[in-house]
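Let me begin by presenting the structure, written as structure tokens, before commenting on it.
Numbering starts at 1 and runs along the sequence shown.
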Amino acid sequence: MHLGFLCNPGNSHVTSMAAVGAELKKRGHRVTFFQMPDIEAAVLRAGLEFCTVGKSRYPLGTIKQIDEKLSTLKGLSALFYGVGRCLEQIQMFFEEAPAAIKNANIDALLIDECEAYGPVIAEYLRLPYIHVSMALPLPFDEGIPPYYTSWRYRIDAFGRFRNRMGYRMFSHLVKPIMKAVAGQRQRWELPPQEDRKSRRARLASISQLPQHLDFPRILIPRFHYTGPFGLRAARPQIEFPWNKLDGRPLIYAALGTVMARPPILRTIAKACEGLNAQLVLSLGGAPVTAEEIGPLAGNPILVAYAPQLELIQRAALVITHGGLNTVLENLAHGVPLVLLPFNNDQPGVASRVAWTGAGDFISGKWVSPGGLRKALNRVLSEPSYKQSAQRIQAEMAGVDGLYLAANIVEKVLGITTKDASFQLRPREVNDVPRHAMSVG
């Protein structure tokens with residue numbers, strides 16, 4: 001079967017989706033990504049096929065330029081810029097992707113859940129599709145906080161009212177995107193998204209978020225928790241000065257390409273100064289230089305890129321912005337976290353980590369050296385954080401997220417799976433994990 005992938009161009013999304021594609025290719029399926037030129041190298045590195053869309057409007061280097069611009073903005077300015085870029089990309093996909101997908105003779109689509117154009121294109125081409133969530137699952141559930149907030153989980157009337165207001169605000173903020181999607185559906189004479197026929201085109205929703213790391217939620221039909229996709233992903237070899245590690249407990253800090261800016265890097269270094277630990281700071285390819293950052297307190301190891309999994313395996317603690325891939329990699333190795341969430345689903349990921357007891361968080365927008373140092377000392381000195389991270393590690397160890405996701409894809413597409421005994425789980429209510437904390 002020839003499977004088409006529509007994926008957000010962000011690095012973590014591409015890495016995870018490519019890992020799913022590679023697993024399906026191993027089972028004999030053909031996999032083709034449809035996206036802007038900037039992600040072609042990563043897709044080809046995973047051994048998959050690539051079809052370029054948007055080449056004239058999004059030449060090589062465009063995504064880096066967008067990330068650089070976004071990193072200079074805050075608050076509403078960042079939000080409006082992000083929505084504007086999203087609208088441009090949606091329009092480009094509506095104009096160019098249908099012909100490319102049709103010409104490739106695709107049998108079904110796997111669509112990154114955050115790409116709102118995907119289901120519209122699938123229905124227009126009369127192709128079945130499967131939603132794949134690399135971030136927190138998006139379906140609204142007033143029993144849990146919106147994914148873009150770090151609100152605590154609470155089940156009382158105030159909590160549900162607060163959540164409803166949060167979802168209402170979110171709907172208002174993304175109204176231009178929903179309007180563009182609705183307009184295209186109308187132009188292509190498709191039924192409204194809430195129409196039953198429209199919903200049937202989605203065969204499944206797959207999330208790499210493990211169930212025990214999510215708040216209790218009422219699951220939508222055909223929703224499946226799996227586990228991390230990126231642990232077996234193809235990664236480039238990265239050089240690292242291992243000889244500079246001095247034997248002290250290791251703190252690894254990685255904030256991603258957009259958030260690794262000089263002020264926050266200096267804050268992290270200052271917070272770690274004087275701790276009985278050695279700090280490694282990764283820029284993750286962020287467009288900054290050592291000269292722009294300036295001298296860092298405590299003389300940490302600063303690298304443009306880092307062999308992340310290898311460093312996590314050695315770390316006593318990891319500081320991160322709360323991207324789900326990095327968090328899952330840490331918990332898969334039983335490493336506690338201190339999170340500095342900024343935007344997107346990072347606050348929601350941070351609140352879930354804190355809820356499980358595997359880490360703590362401070363808003364990346366308001367963090368100070370003193371506040372971060374207190375959080376670091378707390379997570380390093382209190383055994384409960386490490387114990388909670390190891391408990392989640394044990395729970396994740398029995399699940400191969402890629403294997404399970406590929407089984408689900410084959411099952412809903414009517415293909416004989418590698419595991420003949422595999423059965424889909426029915427719709428269910430997520431049980432409250434046994435480590436749930438008291439609400440308040």
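In this structure, CD1 on I63 lies 10.0 Å from CG on N11, to the nearest 0.5 angstrom. Annotation: the span from L279 atom CG to L296 atom CG amounts to 8.5 Å, rounded to 0.5 Å. One finds the CG atom of D360 at 9.5 Å from the CG atom of L376 (value rounded to the nearest 0.5 Å). Expressed to the nearest 0.5 Å, how far CD1 of I408 lies from CG of L413 amounts to 11.5 Å. Atom CG in L6 sits 11.0 Å away from atom OG1 in T32 (nearest 0.5 Å). The CZ atom of F215 sits 9.0 Å away from atom OG1 of T356, with the distance rounded to the nearest 0.5 Å.
Counting heavy atoms from C-beta outward, L250 and L317 have side chains that stay 4.5 Å or more apart. In this structure, the side chains of P146 and N163 come closer than 4.5 Å at one or more pairs of heavy atoms. Between S150 and Q346, every side-chain heavy-atom pair lies at or beyond the 4.5 Å cut-off. The side-chain heavy atoms of T62 and M36, taken from C-beta on, include no pair separated by under 4.5 Å. A 4.5 Å side-chain heavy-atom check between I268 and L255 finds at least one atom pair inside the cut-off. For the pair L380 and P249, the minimum side-chain heavy-atom distance is 4.5 Å or more. You'll find the side chain of F140 reaches within 4.5 Å of the side chain of S171, heavy atoms only. Residues I130 and L109 have side chains not in contact (no heavy-atom distance under 4.5 Å, counting atoms from C-beta outward).
Relative orientation of the Y147 and F170 rings is perpendicular, given thresholds of 30° and 60° on the angle between their planes. Under the 30°/60° scheme for interplanar angles, the aromatic rings of Y225 and F223 are found to stand perpendicular.
Here the side chain of R160 pairs no donor or acceptor atom with the backbone of I144 at under 3.5 angstrom. Side chain of Q393 to main chain of A389: no donor-acceptor pair is present (N/O by atom type, distance under 3.5 Å, no hydrogens or angles). The backbone N or O of L136 lies less than 3.5 Å from a partner atom in the side chain of D345, making a donor-acceptor pair. With N325 contributing its side chain and S12 its backbone, the two residues share a donor-acceptor pair below 3.5 Å. Side-chain atoms of D107 do not come within 3.5 Å of backbone N or O of L3 as any donor-acceptor pair. Between the side chain of D112 and the backbone N or O of N8, at least one donor-acceptor pair lies under 3.5 Å. Proximity of a side-chain donor or acceptor of Q390 to a complementary backbone N or O of G334 within less than 3.5 Å is not detected. For R373 (side chain) and A271 (main-chain N/O), a donor-acceptor pair under 3.5 Å exists by modelled atom type. Here the side chain of R352 pairs a donor or acceptor atom with the backbone of G348 at under 3.5 angstrom. E113 places a side-chain N or O within donor-acceptor distance of the main-chain N or O of L138, the cut-off being under 3.5 Å.
Of the residues V353, V338, L337, L340, the one that meets the side-chain contact (heavy atoms from CB on, under 4.5 Å) test with T320 is L337. Just one of Y117, W188, F94, F93 meets the ring pair (Phe, Tyr, Trp, His ring centres under 6.0 Å) condition when paired with Y124; it is W188.
A salt bridge links E95 to R57: one of the charged nitrogens lies within less than 4.0 Å of a carboxylate oxygen. With salt bridges taken as basic N to acidic carboxylate O contacts below 4.0 Å, one links E123 and R185. We find that E23 and R27 are joined by a salt bridge, their nearest charged nitrogen and carboxylate oxygen being less than 4.0 Å apart. We find that K64 and D38 are not joined by a salt bridge, their nearest charged nitrogen and carboxylate oxygen being 4.0 Å or further apart.
Residues P347 and P341 come closest through the heavy atom pair N-CB, 3.5 Å. For the pair H224 and R222, the tightest heavy-atom approach, listed with the atom from each and the gap, is CD2-O, 3.2 Å. Of all heavy-atom pairs spanning S351 and F361, the tightest one is CA-CE2, 4.0 Å. Contact detail for P9 and Q89: the closest heavy-atom pair is CG-OE1, 4.4 Å. Taking each heavy atom of I319 and C272 in turn, the nearest pair found is CD1-SG, 4.3 Å. Summarising the geometry of L331 relative to A358, their closest heavy-atom pair is CD2-CB, 3.8 Å, with the distance given to 0.1 Å.
Under the 3.5 Å distance criterion, with hydrogens and angles disregarded, no donor-acceptor pair is assigned to the side chains of R378 and S381.
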Practice item. Could you give me the CA-CA distance, side-chain angles and deciding distance for I111 and V132, then say whether side chain to side chain contact (heavy atoms under 4.5 Å, CB included) is met? Key: CA-CA 6 Å; I111 301 171; V132 186; over 6 Å; no
Check your understanding: Would I301 and L281 satisfy side chain to side chain contact (heavy atoms under 4.5 Å, CB included), going step by step from the backbone distance to the final call?
Key -> CA-CA 6 Å; I301 299 174; L281 274 169; over 6 Å; no
Practice item. Would you check, one step at a time, whether the test side chain to side chain contact (heavy atoms under 4.5 Å, CB included) holds for R152 with W355? Key: CA-CA 8 Å; R152 294 181 63 185; W355 183 65; over 6 Å; no
Check your understanding: Do T226 and L402 pass the side chain to side chain contact (heavy atoms under 4.5 Å, CB included) test, and can you show the C-alpha distance, the side-chain angles, and the key distance before you say yes or no?
Key -> CA-CA 8 Å; T226 57; L402 283 179; over 6 Å; no
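By the neighbour-count criterion of 12 heavy atoms within 6.0 Å, atom CD of Q186 is sparsely surrounded, having that number or fewer from other residues, nucleotides or ligands. Atom NZ of K270 has 12 or fewer neighbouring heavy atoms from other residues, nucleotides or ligands inside a 6.0 Å radius. For M178, the CE atom sits in a packed shell: over 12 heavy atoms of surrounding residues, nucleotides or ligands are nearer than 6.0 Å.
Sorted by first and then second residue, the salt bridge (charged side-chain N to carboxylate O under 4.0 Å, His left out) pairs involving residues 324-339 (not counting sequence neighbours) are R235-E329.
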